[in-house]
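What follows is a structure written as structure tokens; I'll ask about it next.
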Amino acid sequence: MIKNNFPNLILLGAPGAGKGTLSDYLINKFNYVHLSTGNLFREAIKKNSTHSKLITDLVKQGKLIPDFITNDLIEIKIKDLLIANKHFILDGYPRTINQANFLKSICDIDKVIFIKIDQDLAIKRIIGRVSCSKCNKGYNLYFFPPKKENICDVCGGQLIKRSDDNENTVKQRFLEYSKNTLPLLDFYEKQHKLFRVFSSDESINEFCSKVDKIIQNRNDNY
């Protein structure tokens with residue numbers, strides 16, 4: 001197994017930029033721990049926590065979760081990883097300068113990778129994605145559809161679509177993203193931690209190899 005001697009990372013990018021795909025690659029190749037705010041929110045909802053109803057309502061509307069909830073969930077996870085001396089990827093966090101300052105108060109981030117993507121392509125990626133109700137295998141109706149319509153290639157389960165993966169909600173998420181997240185580029189660039197990589201219709205291997213070089217210090221930027 002590859003040792004966790006790689007930098008702690010933040011992945012920044014609009015919805016549909018490919019943060020999840022890149023995270024899977026880095027997890028498999030470099031044994032990273034993946035922290036996704038989306039997964040943390042879904043966990044909180046399933047546990048029927050104090051904030052579960054508020055989280056549910058805001059996600060359906062395509063709005064951001066308040067910082068005090070997000071920071072709480074993130075801090076617990078990161079402190080556990082720091083104690084275990086494990087390196088991690090933050091996906092979907094921080095989204096605001098306030099969150100970035102909070103994160104800076106609890107841990108060091110080594111590199112921030114910003115995934116640039118055309119908005120129309122990102123929207124198509126999002127509204128086309130579906131996943132298996134049994135094994136969670138992901139597909140995209142436009143780019144990598146299942147062999148049989150609505151049926152998982154792996155286990156034969158039914159494919160389902162997230163309720164918030166619709167065009168209106170996605171556009172709202174883009175507005176929120178532009179308003180709150182883009183200022184983070186300047187925040188991390190001033191700290192000399194920001195790296196840019198462009199996501200397009202190229203192969204997944206080509207895209208991931210660019211980030212591979214950044215992770216292993218074989219190139220400065222893209």
Side-chain angles (χ1 to χ4, degrees), residues 6-26 30 32-41 58 62-71 73-75 77-78 87-126 169-202 204 206-222:
F6 292 91
N8 291 328
L9 304 173
I10 292 173
L11 299 185
L12 292 179
K19 298 186 295 293
T21 298
L22 178 57
S23 294
D24 288 343
Y25 169 81
L26 296 175
F30 301 122
Y32 270 96
V33 177
H34 179 229
L35 293 181
S36 162
T37 51
N39 289 339
L40 293 180
F41 296 149
L58 291 173
K63 295 183 178 179
L64 296 180
I65 307 301
D67 285 353
F68 73 93
I69 296 178
T70 310
N71 290 343
L73 298 175
I74 284 290
E75 183 176 12
K77 293 290 185 179
I78 286 181
H87 287 66
F88 55 85
I89 301 166
L90 284 171
D91 172 3
Y93 183 95
R95 291 183 185 271
T96 66
I97 296 297
N98 284 339
Q99 289 181 0
N101 281 319
F102 176 82
L103 178 62
K104 191 175 181 179
S105 74
I106 62 172
C107 73
D108 290 325
I109 294 297
D110 301 296
K111 295 186 178 183
V112 179
I113 298 173
F114 171 51
I115 308 172
K116 299 181 290 183
I117 187 171
D118 175 78
Q119 180 173 315
D120 290 339
L121 174 60
I123 290 175
K124 194 172 183 180
R125 283 181 177 179
I126 292 173
T169 300
V170 172
K171 287 181 177 179
Q172 176 63 39
R173 286 159 65 187
F174 263 100
L175 289 175
E176 295 280 1
Y177 167 79
S178 298
K179 178 182 176 182
N180 297 308
T181 308
L182 288 181
L184 290 170
L185 301 183
D186 184 56
F187 181 87
Y188 285 113
E189 194 153 41
K190 287 178 179 177
Q191 299 176 44
H192 308 291
K193 295 182 176 182
L194 185 70
F195 296 81
R196 292 177 171 85
V197 60
F198 187 69
S199 177
S200 63
D201 284 329
E202 65 190 345
I204 292 175
E206 287 178 298
F207 171 59
C208 291
S209 69
K210 294 177 182 178
V211 178
D212 193 314
K213 292 175 182 177
I214 294 171
I215 298 297
Q216 301 191 68
N217 293 312
R218 295 202 302 269
N219 209 320
D220 287 334
N221 217 323
Y222 282 86

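Bear in mind the structure is a predicted one, so any value in this text is a computation, not a measurement. Side chains are part of it too, since the values below use all heavy atoms of this structure and drop only hydrogens, waters and symmetry mates.
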- Message: Is there a side-chain contact between V112 and L9 in this structure, where contact means two heavy atoms from C-beta onward sitting under 4.5 Å apart?
- Response: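 Side chain of V112 against side chain of L9, heavy atoms only: no contact under 4.5 Å found.
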- Item | Side-chain touch K111/I215, heavy atoms, less than 4.5 angstrom |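 Not in contact.
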- Pairwise side-chain contact, L12 with Y93, heavy-atom cut-off 4.5 Å (strictly under):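 No, side chains not in contact.
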- Task: Report the relative orientation of the aromatic rings in F6 and F30; use parallel for angles under 30°, tilted for 30 to 60°, perpendicular for over 60°.
- Result: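 Rings of F6 and F30: tilted, as their planes differ by 30° to 60°.
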- Query: Measuring from T96:OG1 to F187:CZ, what's the distance to the nearest 0.5 Å?
  - Reply: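 With rounding to 0.5 Å, OG1 (T96) is 10.0 Å from CZ (F187).
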- Message: Go through it in stages, so that I can follow the logic: the residues are V197 and F207, the test is side-chain contact (heavy atoms from CB on, under 4.5 Å), and I'd like the CA-CA distance, side-chain angles, deciding distance and then a yes or no.
- Response: CA-CA 8 Å; V197 60; F207 171 59; 4.1 Å; yes
- Measure from the side-chain N and O atoms of S199 to the backbone N and O of A17, and report whether any donor-acceptor pair falls under 3.5 Å.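 Indeed, once roles are kept as given, a pair shorter than 3.5 Å links the two residues.
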- Message: When you compare the side chain of Y25 with that of D212, does any pair of heavy atoms fall below 4.5 Å?
- Response: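 Yes - at least one pair of side-chain heavy atoms lies under 4.5 Å apart.
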- Message: One thing to verify: whether D120 and K124 come together as a salt bridge, which I'm taking to mean a side-chain N less than 4.0 angstrom from a carboxylate O.
- Response: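 So K124 does not pair with D120 through a salt bridge.
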- Nearest heavy-atom pair of P15 and R173: which atoms, and what distance?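 Where P15 meets R173 most closely, the heavy atoms are CB-NH2, 3.7 Å.
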- Query: Is there a donor-acceptor contact under 3.5 Å from the side chain of T37 to the main chain of G92?
  - Reply: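 At least one qualifying donor-acceptor pair exists.
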- What residues, two or more places apart in sequence or in another chain, satisfy salt bridge (charged side-chain N to carboxylate O under 4.0 Å, His left out) together with K77?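 Listed in chain order: E43.
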Quick one: side chains of residues 102-110, donor-acceptor pairs under 3.5 Å with protein atoms, not counting sequence neighbours, listed by atom name and distance.
unit_1, atom_1, unit_2, atom_2, d
S105, OG, F102, O, 2.5
D110, OD2, N8, N, 2.7

- Between T21 and R125, do the side chains contain an N or O donor and an N or O acceptor separated by less than 3.5 Å?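 No.
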- Message: Could you tell me if the side chain of D91 sits less than 4.5 Å from the side chain of L35, heavy atoms only?
- Response: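 No - every pair of side-chain heavy atoms lies 4.5 Å or more apart.
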- Query: Between atom CG of L22 and atom NZ of K210, what is the distance when rounded to the nearest 0.5 Å?
  - Reply: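 Interatomic distance, L22 CG to K210 NZ, rounded to 0.5 Å: 11.5 Å.
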- So, do F41 and T70 sit near enough that their side-chain heavy atoms are less than 4.5 Å apart?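 Side-chain contact under 4.5 Å: yes.
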- Indicate yes or no: at least one non-hydrogen side-chain atom of F198 is less than 4.5 angstrom from one of I115.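 They are not in side-chain contact.
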- Message: Donor-acceptor check, side chain of K19 to backbone of A14, threshold 3.5 angstrom: yes or no?
- Response: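 Yes; at least one donor-acceptor contact below 3.5 Å.
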- Would you check if L194 and D186 make a side-chain contact, meaning some heavy-atom pair closer than 4.5 Å?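 A side-chain contact is absent here, since even the closest heavy-atom pair is not under 4.5 Å.
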- Task: To the nearest 0.5 angstrom, please state how far the CG atom of D24 sits from the OH atom of Y32.
- Result: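 Going from CG on D24 over to OH on Y32, the span is 14.5 Å.
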- Report the distance from atom CG of D67 to atom CD1 of I74, rounding to the nearest 0.5 Å.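 These two atoms lie 11.5 Å from each other.
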- Item | Distance (rounded to the nearest 0.5 Å) between I65 CD1 and L40 CG |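 With rounding to 0.5 Å, CD1 (I65) is 11.0 Å from CG (L40).
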- Atom CZ in F195, atom NZ in K213: separation rounded to 0.5 Å?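 Here the interatomic distance stands at 14.0 Å.
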- Message: Just to verify, what does S36 make a side-chain hydrogen bond (donor to acceptor under 3.5 Å, both in side chains) with, not counting sequence neighbours?
- Response: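 Once residues adjacent in sequence are excluded, S36 has no partner under the side-chain hydrogen bond (donor to acceptor under 3.5 Å, both in side chains) criterion.
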